[in-house]
Asker: 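Dropping the structure in here first, questions after.
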Amino acid sequence: MKILILSDIHANRVALETVLKDAGKVDKVWCLGDVVGYGPEPNECIEILRNMNLLCLAGNHDWAVLDKLDLDDFNPDARHAALWTREVLSPANFNWLIKLPERVPIQMDEITLIHGSPQHPIWEYVATPAVACVNFDYFETPICFIGHTHVPVIYRYHTENDTVSTELVPENEHFAFGPERMMINPGSVGQPRDGDPRSAYAIFDTDSMRLVHRRVDYDIARTQAKMHMAGLPERLIVRLSHGW
Ligand code: ZN
């Protein structure tokens, strides 16, 4: 089975559509949360996802829009975007968003899906090997896919000395899962933050247990023009050009 893994779409429809076209035909889609927030087309993104064979998690920006998280924890730009999203979201899409779960263990494929971290699924950033190391105790499957940091990375757990090593996710190569347990972040579709503005995603083949990580150029200027029209903060518009 071919599974498309998306994370942190952030209401960037142009990026989402570009990724879906690049990925081609897949059997299922897994989305690791933050469908909305920051970007200009939350309704359109949700409507695309609603028509798919999809497993989707809640992220912190989804919860902020739903008023399930304190907006004071957000910086002013993120808060502005969350409040704007809350205003424009249709009731049907609000109801879809509110039903998203925090965690999905998929025992059949020996995978756990999480937005933030296994310990704190909504808000913790797994951004260092030390944080990753603690979190290997909070899920049971060999592999856990995470999002939230918008940075593609692999954390590999070494049982013999209780340490974690970090690797970049190879681009366009078939990456085979090793004997070690791993946490893998496929990067962000709608707001990459690793200095590369291209959309990031992964395709997971459950038959061969291999992963392909892809980066794809999308029409950033088109998304930025929509953000201008929506009156979203300038800093959020500019950062898309830099992937930061
Ligand atoms: Zn995010």
Side-chain angles (χ1 to χ4, degrees), residues 4-16 19 29-42 44-46 48-49 54-71 73-86 89 93 97 100-104 113-128 131-132 135 144-153 169 183-202 213 215 218 220 223 227 232-233 235-240 242-244:
L4 171 61
I5 306 177
L6 308 173
S7 192
D8 298 275
I9 296 166
H10 282 296
N12 189 339
R13 178 174 66 96
V14 180
L16 175 60
V19 162
V29 180
W30 292 347
C31 175
L32 308 177
D34 277 3
V35 173
V36 300
Y38 293 133
E41 295 187 285
E44 292 81 352
C45 286
I46 291 176
I48 291 169
L49 295 179
L54 175 81
L55 251 178
C56 186
L57 296 168
N60 57 318
H61 285 260
D62 304 318
W63 273 26
V65 168
L66 298 165
D67 209 7
K68 288 172 81 172
L69 258 192
D70 191 350
L71 280 177
D73 294 338
F74 277 44
N75 69 51
D77 291 338
R79 198 181 310 140
H80 178 137
L83 290 171
W84 176 85
T85 307
R86 200 182 284 174
L89 209 59
N93 291 336
L97 208 59
L100 299 182
E102 284 176 59
R103 166 193 302 261
V104 189
L113 307 181
I114 296 279
H115 177 65
S117 78
Q119 188 178 9
H120 301 293
I122 296 293
W123 58 265
E124 187 175 48
Y125 290 92
V126 182
T128 63
V131 174
N135 271 285
C144 176
F145 288 107
I146 54 172
H148 195 38
T149 64
H150 300 203
V151 175
V153 68
V169 194
M183 271 191 257
I184 302 172
N185 190 324
S188 166
V189 169
Q191 195 203 74
R193 287 183 198 159
D194 60 340
D196 180 344
R198 295 176 300 162
S199 284
Y201 73 96
H213 173 60
R215 298 304 289 256
Y218 73 96
I220 295 173
T223 294
M227 291 173 82
L232 288 164
R235 196 182 70 88
L236 299 181
I237 298 171
V238 171
R239 73 187 299 180
L240 292 181
H242 306 294
W244 207 246

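All residue numbers in this chain count up from 1 along the given sequence. Computation of the quantities below employed the complete heavy-atom set of this structure, encompassing side-chain atoms and omitting hydrogens, waters and symmetry-equivalent molecules. First listed ligand is number 1; within each ligand, the first listed atom is number 1.
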Asker: Working to the nearest 0.5 Å, report the span between CZ of Arg193 and CG of Leu240.
Answerer: 10.5 Å
Asker: With the Zn ion (ligand 1) as the point of reference, which N/O/S atom of Asp8 is the closest?
Answerer: OD1
Asker: Taking it one step at a time, do Arg13 and Glu41 satisfy salt bridge (Lys or Arg N to Asp or Glu O under 4.0 Å)?
Answerer: CA-CA 6 Å; Arg13 178 174 66 96; Glu41 295 187 285; 3.1 Å; yes
Asker: Indicate if the distance from the Zn ion (ligand 1) to the nearest N, O or S atom of His10 falls below 2.8 Å.
Answerer: yes
Asker: Any idea which N/O/S atom from Asp34 gets closest to the Zn ion (ligand 1)?
Answerer: OD2
Asker: Under 3.5 Å, is there a donor-acceptor pair between the Gln191 and Asp34 side chains?
Answerer: no
Asker: Let me see the working for Phe74 and His80 under ring-ring contact (aromatic ring centres under 6.0 Å, His included), right down to the final yes or no.
Answerer: CA-CA 9 Å; Phe74 277 44; His80 178 137; over 10 Å; no
Asker: From the Zn ion (ligand 1) out to just under 2.8 Å, does an N/O/S atom of His61 turn up?
Answerer: no
